[in-house]
Visitor: 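Dumping the structure here so I can ask a few things about it.
Labels below follow one simple rule: chain letters A, B, ... track the order of the sequence lines, proteins then strands, and each chain is numbered from 1.
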Protein chains: 2
Amino acid sequence: MPRSGPATRLIDVAERAGVSIATASRSLRGQDGVSEAVAAHVRQVASDLGYVVNVHARTLAGGSTSIVGLIVHEIGDPYFSEIASGVVHLATARGLTVQICHSGRDPVTELSQIRTLLAHGTEAVLIAGSGYVDPTLQSEADKELRAFQRSGGRAAVIGRHFLRTDAVLPANVAAGEAIAEHVLSLGHRRIAVAAGSAALTTVEDRVAGIRAALERHGIAPGDVPVVHSAFTRDGGQEAAERILHEHPRTTAILALNDVMAIGVLSTLRTLGVSVPHDVSVAGIDDIAVAADLAPSLTTVRLHMQQLGELVLSMALKPPSARPRRRGCGHELVVRGSTGPAPRRRA
Amino acid sequence: MPRSGPATRLIDVAERAGVSIATASRSLRGQDGVSEAVAAHVRQVASDLGYVVNVHARTLAGGSTSIVGLIVHEIGDPYFSEIASGVVHLATARGLTVQICHSGRDPVTELSQIRTLLAHGTEAVLIAGSGYVDPTLQSEADKELRAFQRSGGRAAVIGRHFLRTDAVLPANVAAGEAIAEHVLSLGHRRIAVAAGSAALTTVEDRVAGIRAALERHGIAPGDVPVVHSAFTRDGGQEAAERILHEHPRTTAILALNDVMAIGVLSTLRTLGVSVPHDVSVAGIDDIAVAADLAPSLTTVRLHMQQLGELVLSMALKPPSARPRRRGCGHELVVRGSTGPAPRRRA
DNA sequence: CTGAAAGCGCTTACAG
DNA sequence: CTGAAAGCGCTTACAG
């Protein structure tokens, strides 16, 4: 039955157990150099007293932090909340706490968030979400992270970031190829892409995958409009409007992520365009709700929760001489939003 | 151009500026008792050096942490990710960092997460998500939080928690009433409720609201089955199966949150039950995707992002003599998943 | 207005 | 195996 009032300190535990704080510290951290009997006694006393180590003191004294920082573009976006869920689950299992920051898809904000996390002395910094096509945007961040890693910190990222850290690489190119192959196999030839900002590597990679598949089928890139908009539901809505207006004969819209696909579906529904009868729609990611849309969304599963667990587990491993890269599986999930190309469109 | 290598410390700034660390500290924190000229110079030097305060040292020395802790049931659930988004946005604007923990809807886990956050010396602890109907489950947590608050910490919660902290109260009872009144006004009389665990106050409150509305219409509580299941999509699926099996004449299913409603819709679709033609479905919360389901989901908007901002802003205010309570708006959002009661069901 | 010094609660060489 | 002591980087009375 822990007492309330000021927190129990290590010295309280040590006194009660009749040992020095050095011995108490060693016992609690499971270091050897303490007789098992003494260590067990100290642990018992600590538990009786409800002792919890003061993280700040421990960190300042040179111990480890047990905090990991996670930078996401926006935690309200399902893609990121599923990644965060994976990170938090694994972190909890390992006794770590997760600090979450928003970068808002802005490299300047991202840099300042990195600095904040480093100042907080986190064990590890995790960055989720697309990198930027322009590598100069990240050189400052890279500098900070390298210094951090040289001094024993760990960092790992999801995606292609031009950062010299461990990285989990979602199968963005392959996902683009898979979704394009799928609609091609259904006979679609008038395809349009609802894309996020061209500044993002994720967008670039997914488009590259789509183009590769199109080329194999003899379709010139110029014949497939790529409409850039925000990488959000509203962006998807807007992209769909422009696609239907500028390319009215389109029979398949590939949205570069599920959230945009939701916006695309919304626009089509509003305009009375039947999916998949008139136009097929597909996304990428397979966020949880994709299966529950109507029509349910054909997409490519990227296992965000796993990505989250993976990126943390990489960061927790001892560093290697050079940055590690890890891929993660993907699979086409065919559902109701795609169907055979119509013979003809009005 | 900040140098890399070991971090710049206050003493580095002080030396470079030619002052003591006491003066440097005061200058940087904007305390008075320092001539403006000196203070400005120190700040300039600090900025040139890229100085960032060491949070652990500051906290240990008695300064403030600039970290707030947020406990959610599960960050992957849209209800919580939208709340978290509100918290993170406001926190960022105020220069605070957010630590997120999972309670997994388990009071024991919740308590241990509270202890972790307190040990991390957070400025404020925020708890989002339902409390437990059994108040004894929270007495330990209450004790910890009271001790924390006595020693200057701040705490605030979303929902009815039997905790003596500031609280934002989502309009759970009113939401239950509103959604029930809505289906009643459409002529439904054979209504069933797909509910989460009976141990949660949110479930209890929403059911209470529904019952109040039913009573006003002369419907006995016994005539409205409340099927308890997990407060998740899968729970909604399961509840719908049981409802259709045990109460086949049901014409309206009220899910106690949108995530469950998604599961209900999924089951109905699988079974070929037309919504809203055969059965109307409604939820509560209005998560972002609710508008994009098909049929789009009738629900009661509870403004989760606002709840998140609100709970943090309460925690940031100076404490009052007694815990503050704040309500938050709600509004019925009628969409496509509810319609007139059918004349007769097979 | 400014500085020397104690102290926050830990960890970790360094002695024994 | 165990303990006394220094030190992590700050803040804040306490003197001047």
Visitor: Give the nucleotide from the list dT2(C), dG3(D), dG3(C) with an atom nearest to the side chain of Ala22(A).
Guide: dG3(D)
Visitor: With a 4.5 Å heavy-atom cut-off, do Asp77(B) and Ile75(B) have their side chains touching?
Guide: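 Asp77(B) vs Ile75(B): side chains apart.
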Visitor: When the distance from CZ of Arg58(A) to C1' of dT11(C) is rounded to whole Å, what number comes out?
Guide: 9 Å
Visitor: Can you check whether Thr59(B) has a side-chain N or O nearer than 4.0 Å to OP1 or OP2 of dC8(C)?
Guide: no
Visitor: Between Glu140(B) and Arg115(B) (salt bridge meaning N to carboxylate O under 4.0 Å), is one present in this structure?
Guide: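 So Glu140(B) pairs with Arg115(B) through a salt bridge.
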Visitor: Would you indicate which nucleotide in dC8(D), dC1(C), dT2(D) comes nearest to any side-chain atom of Ala61(A)?
Guide: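 For the Ala61(A) side chain, the nearest candidate turns out to be dC8(D).
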Visitor: Are any non-hydrogen side-chain atoms of Leu28(A) and Tyr51(A) less than 4.5 angstrom apart?
Guide: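 Yes; the side chains approach each other to less than 4.5 Å.
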Visitor: Would you say Arg322(B) and Arg164(B) make side-chain contact, with heavy atoms under 4.5 Å?
Guide: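 When only atoms from C-beta onward are counted, Arg164(B) and Arg322(B) do not touch, as no gap falls below 4.5 Å.
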Visitor: Out of dC10(D), dA4(D), dC1(C), which has the shortest distance to the side chain of Ser35(B)?
Guide: dC1(C)
Visitor: Any side-chain N or O of Thr23(B) under 4.0 Å from OP1/OP2 of dG3(C)?
Guide: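 So the side-chain polar atoms of Thr23(B) do come within 4.0 Å of the phosphate oxygens OP1 or OP2 of dG3(C), strictly under.
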Visitor: Tell me whether the count of non-hydrogen atoms from other residues, nucleotides or ligands lying under 6.0 Å of CZ in Arg324(A) goes above 12.
Guide: yes
Visitor: Arg26(B) side chain: which of dG9(D), dA4(C), dT11(C) is closest?
Guide: dA4(C)
Visitor: Without decimals, in angstroms, what is the distance between Leu28(A) CG and dT11(C) C1'?
Guide: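 To the nearest whole Å, that distance equals 12 Å.
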Visitor: From NE2 of His56(A) over to C1' of dC10(D), roughly how many Å is that when rounded to an integer?
Guide: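 To the nearest whole Å, that distance equals 13 Å.
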Visitor: Could you tell me the separation between the CD atom of Glu36(B) and the C1' atom of dT2(C), rounded to a whole number of Å?
Guide: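 Roughly 15 Å, once rounded to whole Å.
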Visitor: Can you tell me which nucleotide in dC10(D), dC10(C), dC8(D) comes closest to the side chain of Leu60(A)?
Guide: dC8(D)
Visitor: Output the pairing pattern of DNA chain D as a dot-bracket string, 5' first, Watson-Crick or G-U wobble with both distances under 3.5 Å, | for cross-strand pairs, [ ] for crossing pairs.
Guide: |||.||||||||.|||
Visitor: OP1 or OP2 of dC10(D) less than 4.0 angstrom from a side-chain nitrogen or oxygen of Tyr51(B), does that happen here?
Guide: yes
Visitor: Roughly, in whole Å, what's the span from CG in Leu10(A) to P in dT11(C)?
Guide: 6 Å
Visitor: Ile11(B) CD1 to dG7(D) P: how many Å, rounded?
Guide: 13 Å
Visitor: Between Ile21(B) and Ile21(A), who's closer to the 5' end of DNA chain D by nearest nucleotide?
Guide: Ile21(A)
Visitor: If we ignore hydrogens and angles and just use 3.5 Å, is the side chain of Asp12(B) paired with the main-chain N or O of Arg9(B) as donor and acceptor?
Guide: yes
Visitor: So Gln149(B) and Thr165(B), side chain to side chain donor-acceptor pair (under 3.5 Å) or not? Walk me through it.
Guide: CA-CA 9 Å; Gln149(B) 293 180 96; Thr165(B) 62; 5.6 Å; no
Visitor: Checking all strands, does Gln31(A) fall into the base, sugar-phosphate, or nothing category for heavy-atom contacts under 4.0 angstrom?
Guide: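 Sugar-phosphate contact only.
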Visitor: Would you tell me if any nitrogen or oxygen in the side chain of Arg29(A) comes within less than 4.0 Å of OP1 or OP2 on dT12(C)?
Guide: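 For dT12(C), OP1 or OP2 has a side-chain N or O of Arg29(A) closer than 4.0 Å.
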Visitor: Can a side chain N or O of Ser25(B) be found less than 4.0 Å away from OP1 or OP2 on dT11(D)?
Guide: yes
Visitor: I want to verify a distance call: between dT2(D), dC10(C), dG3(D), whose nearest atom is closest to the Val53(A) side chain?
Guide: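 The answer is dC10(C), which lies nearest to the side chain.
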Visitor: Measuring only between side-chain heavy atoms, which start at C-beta, is His102(B) closer than 4.5 Å to His73(B)?
Guide: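 Answer no - side chains too far apart.
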Visitor: Between P on dG9(C) and CD on Glu15(A), what's the gap in Å once rounded to a whole number?
Guide: 13 Å
